[in-house]
Amino acid sequence: MTARAPSVLSLQAARAILGVAPGADERELRAAYREAAKRAHPDRPGGDAALFRDVLTAYRLLQDNPTPQIHFPPAVAEPARVEQATLTIDTAMAFAGGTLEMMVDARKLRLTLPAGLREDDKVRVEDVVFRVAVKTDPQALVRGDDLWLTARLDSRVLAEGGRIEVATAIGPRLVWISTKAAARGLVRLPGQGLPARGAHRQGDLFLRLEAVDGGAESAARSLLKRFAAAWAA
């Protein structure tokens, strides 16, 4: 029996046997070899021992003769022109969001702002990135996630306390004012500050209570005073 002469393969034939393209890296070459060897293995139906040897020879040949890698410099795309601008909003807009228009380079841009904007947040519209700045207002402050608002109340209402509706910069709020809160001049409403947004938590609302002279008495209070005076007489 005559032994089969060893195969002499060219690099092109070796690549054809493994089914790889010129320039295939080691990972691609190894994956192609495993797949081709599995198909040609003589223990599998349809396998062929001679082809299996050629697969091994092709793999070793290509390992010993790697194709030089040619690296072309990546195409550099012209970077999109992005403008920076500052967007100054008040506390109510930071809390509830809304829409507004701004002029940038003679262009009118319409912004739709989400609720819960914080200082230094970024808002992008077309090719303009706006950095958010919240107006400084002693009566309505944003501190992190929390809102600090001033509520002016009739001094009599503040002294009496109870559950009352208070007008604020973000709309009316129903507040329970205890004797302690009235004396301290501060009420905390958990979870009623800036809405949660991204990594930011839901903030709290702090109401600073400021007593003001209510002016003329209400008809009910005047009637009560007259009744009390008549009873005392």
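Positions are given from 1 along the sequence.
Within the 3.5 Å criterion, the main-chain N or O of Val129 finds no donor-acceptor partner in the side chain of Arg131. Of the possible donor and acceptor atoms, one in the side chain of Arg44 sits under 3.5 Å from a partner among the backbone N and O of Lys38. Checked by atom type and distance alone, the side chain of Glu119 pairs as donor or acceptor with a backbone atom of Val134 at under 3.5 Å. Asp146 places no side-chain N or O within 3.5 Å of a backbone atom of Leu205 that could act as its donor or acceptor partner. Side-chain N or O atoms of Glu101 include none that pairs as donor or acceptor with a backbone N or O of Arg110 at under 3.5 Å.
Ile17 and Leu11 fall within a single hydrophobic cluster, where Ile, Leu, Val, Met, Phe, Trp and Tyr side chains are chained together by heavy-atom contacts under 4.5 Å. Under the 4.5 Å side-chain heavy-atom criterion for Ile, Leu, Val, Met, Phe, Trp and Tyr, Leu100 and Val123 are members of the same hydrophobic cluster. At a threshold of 4.5 Å between side-chain heavy atoms, the hydrophobic network of Ile, Leu, Val, Met, Phe, Trp and Tyr places Val157 and Leu189 in one connected group. Transitive grouping of hydrophobic side chains (ILVMFWY, heavy atoms separated by less than 4.5 Å) keeps Val187 and Phe206 in distinct clusters.
Among all heavy-atom pairs drawn from Ala181 and Leu209, the shortest one is O-CD1, 4.0 Å. The heavy-atom pair separating Leu61 from Ser10 by the smallest distance is CD2-O, 3.8 Å. Across all their heavy atoms, Leu149 and Ala169 have their closest contact at CD1-N, 4.2 Å. Closest heavy-atom contact between Leu194 and Gly144: CD1-O, 3.7 Å. Nearest heavy-atom pair, Leu147 versus Thr91, reported as atom, atom and distance to 0.1 Å: CD2-CG2, 3.7 Å. Summarising the geometry of Gln192 relative to Phe95, their closest heavy-atom pair is O-CE1, 3.8 Å, with the distance given to 0.1 Å.
Considering only heavy atoms from C-beta on, Met93 stays 4.5 Å or farther from Lys135 through its side chain. The shortest distance between side-chain heavy atoms of Val132 and Leu113 does not fall below 4.5 Å. Inter-residue side-chain proximity for Val104 and Glu126 is flagged as unmet; no heavy-atom pair is nearer than 4.5 Å.
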Subject >> Intermediate values then yes/no, side-chain contact (heavy atoms from CB on, under 4.5 Å), Arg208 and Leu141 >> reply: CA-CA 11 Å; Arg208 293 177 297 229; Leu141 291 175; 4.2 Å; yes
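Within a 6.0 Å radius of CZ in Arg60, other residues, nucleotides and ligands contribute 12 heavy atoms or fewer.
Here the CG atom belonging to Asp48 is positioned 8.5 Å from the CG atom belonging to Asp54, to the nearest 0.5 angstrom. Taking CD1 of Ile177 as the start and CZ of Arg163 as the end, the distance is 10.5 Å to the nearest 0.5 Å. Rounding to the nearest 0.5 angstrom, the gap separating the CG atom in Leu51 from the CG atom in Leu56 is 11.5 Å. Of the inter-residue distances, the one linking Gln84 atom CD with Arg124 atom CZ reads 9.0 Å to the nearest 0.5 angstrom. To the nearest 0.5 angstrom, Met102 atom CE is 5.0 Å from Phe130 atom CZ. Going from atom CG of Leu29 over to atom CG of Leu62 covers 5.5 Å, rounded to the nearest 0.5 Å.
Using a 30° and 60° split on the angle between ring planes, Tyr59 and Tyr33 fall in the parallel class, below 30°.
A salt bridge is absent between Asp25 and Arg30: the closest approach of a Lys/Arg side-chain nitrogen to an acidic carboxylate oxygen does not fall below 4.0 angstrom.
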